There are 2 protein chains.
Amino acid sequence: MTATSKENPRKTKQKTARGRPRDTSKNKAIINAASRLFLEKGFDGTSMDDIAKRAGVSKQTVYSHFACKEVLCSEAISLAVKRYSPDTALENVEEHSLEADLRAVCDKFARLLLGDDSVAMANLLVTSAPKGLEFAKIYWNAGPQAMHGKLQEFLQHWIDQGALSIGNTSKAADLLSTLLKGKVHFLRSIGLIDTISEKQIQENVEDTVKIFLKLYGT
Amino acid sequence: MTATSKENPRKTKQKTARGRPRDTSKNKAIINAASRLFLEKGFDGTSMDDIAKRAGVSKQTVYSHFACKEVLCSEAISLAVKRYSPDTALENVEEHSLEADLRAVCDKFARLLLGDDSVAMANLLVTSAPKGLEFAKIYWNAGPQAMHGKLQEFLQHWIDQGALSIGNTSKAADLLSTLLKGKVHFLRSIGLIDTISEKQIQENVEDTVKIFLKLYGT
DNA sequence: GAATTACTGGACTAATGAGTCCAGATAACC
DNA sequence: GGTTATCTGGACTCATTAGTCCAGTAATTC
């Protein structure tokens, strides 16, 4: 059973709603609790009772808002991804120089990629890979894919300025992500380190910028 | 409870073994079955009954050889890592030229890093990160750490030859691993692609060699 | 007030899975 | 043969958990 095969119950609202209306604040509380718990403990490690309790709501209410665990997880992932959308990533880049701007962008994305929630999300997806291809798609499109687009935009700008010489911008953007994640992302994933330090992030950014400019700078 | 806190039962053998001796072939069968199942279905997804059945052995026998699931998994991981130890990775590198040899080494390691079992192992470790810090250590030391050493050796050779100019060989070796894994390793991990094609591997190798030589070649 | 729908809390079902127990068989040692 | 320890297969306990059911109560429309 895939996450999409079961819809949110009573999704289609009648024109004139009869009876007591759904409490939207409870709906939010449930998704929020689910989002935190799934990221914290993974899909299997989180029980519906836990979620109900954390949301301060009865279990029946959870099932009244969400058909099953998979659907709830799916929505929780959507929420978490939205919280981390890189919409603002390129906004206050102030176009000083290629190197300064590249560093600013890398810094922003490194913090996104290496943040606790980001790693937790990756782990959640790995854990649920068998049962949740849908989960991964939601994440990939709203997260890394969106970020990839922003990076390409950024690179194109400096290519047009003649400061970068790149054959394949898509690949170059991928390279940036790969370099920023580096080795620490994986180490954190498997629990060999339990926090990615500020220093480590800065080091990754510096290395990435240096490598990237050496490869593609004009 | 950590994996090391419970020892293999009856580990210490008396000088004169009394009674029926343990069947070592069954022991191997159990570890083998466990190794395949844990990699295939993860820690939680694999039941002790499954393992017993696949090993063609009774459940009691499993518990007679291994104290608990964690211990068995730990041994299964050790075995799997041994199967993939990169001992032979540098053997038939024939010292033609830096580029040819680097390509050969990268090819070998790429196949190691991106192979089905390697990705499955990474996923297993991610899944069991909370309960099994020990698992990750076993893996890291015998796998990536060993590989890292080999890579450094290799690089040092060509530094000595004057063909490479590298400030920090450890970091350079890390970079090689990171580049070889690239984006596909993660994509495969979260189930967005279900096999890493031959073509994809070769592309990763080519890109890595090109980038690496541009960065460090003299 | 009547009908309708939502929320609660707790009991309930059904499945799964780790680990134990036991009776009988088997293989080694003395 | 007697002793000791392993192996088998199946029954068993115990805990967890997804999902359901229900009786009572709260909110909203008509």
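In this text, all values refer to a predicted model and were calculated from it rather than measured experimentally. Throughout, a chain's letter reflects where its sequence line sits, starting with A, and its residues are numbered from 1.
Dashed line: the shortest gap from a side-chain N or O of A/Thr61 to OP1 or OP2 of C/dT8 is under 4.0 Å. Contact annotation: B/His65 side-chain N/O to D/dT6 OP1/OP2 distance is not under 4.0 Å.
Judged by distance alone with a 3.5 Å cut-off, a donor-acceptor contact links the side chain of B/Arg20 to the base of D/dT6. A donor-acceptor contact under 3.5 Å links the side chain of B/Lys59 to the base of C/dG19. Between the base of D/dT6 and the side chain of B/Arg22 there is no donor-acceptor pair shorter than 3.5 Å.
The side chain of A/Gln60 lies closest to D/dC22 when the candidates are D/dC22, C/dC7, C/dG17. When distances are taken from the side chain of A/Arg18 to each of D/dA18, D/dT8, C/dT4, the shortest belongs to C/dT4. Proximity note for A/Val57 (side chain, C-beta onward) versus C/dA18, C/dT8, D/dG9: the nearest is C/dT8. Picking from D/dG19, D/dC7, D/dG9 the nucleotide with the shortest atom distance to the side chain of B/Ser64 gives D/dC7. The B/Lys69 side chain lies nearest to C/dG19 when the options are C/dC22, D/dT3, C/dG19.
Between B/Thr46 and A/Gly56, the residue anchored nearer the 5' end of DNA chain C, judged by the nucleotide with its closest heavy atom, is A/Gly56. Looking at which nucleotide of DNA chain D each of A/Gly19 and A/Asp50 is closest to, the 5′-most match is held by A/Asp50.
Between the CG atom of A/Asp49 and the P atom of C/dG9 there is a distance of 13 Å, given to the nearest Å. The separation between B/Lys26 atom NZ and C/dA28 atom P is 12 Å, rounded to whole Å. One can place CG of A/Leu37 at 12 Å from P of D/dA18, the figure rounded to the nearest angstrom. Counting to the nearest Å, the P atom of D/dA15 and the CE atom of B/Met48 are 19 Å from each other. Rounded to a whole Å, the CG atom of B/Asn27 is 13 Å from the C1' atom of D/dT6. Atom CG in B/Asp23 sits roughly 20 Å away from atom P in C/dA25 (whole-Å rounding). In this structure, A/Tyr63 atom OH and C/dT8 atom P are separated by 15 Å, rounded to whole Å. Between the CZ atom of B/Phe43 and the P atom of C/dG17 there is a distance of 13 Å, given to the nearest Å.
For the side-chain hydrogen bond (donor to acceptor under 3.5 Å, both in side chains) criterion with A/His65, the lone passing option out of A/Asn27, A/Thr24, A/Asp23 is A/Asn27.
A/Asn204 places none of its side-chain heavy atoms less than 4.5 Å from the side chain of A/Lys181.
Side-chain rings of A/Tyr216 and A/Phe212 approach one another, their centers coming within less than 6.0 Å.
In this structure, a donor-acceptor pair under 3.5 Å is present between the side chains of A/Ser58 and A/Thr61.
Classification of the B/His185-A/Phe186 ring pair by plane angle, with boundaries at 30° and 60°, yields perpendicular.
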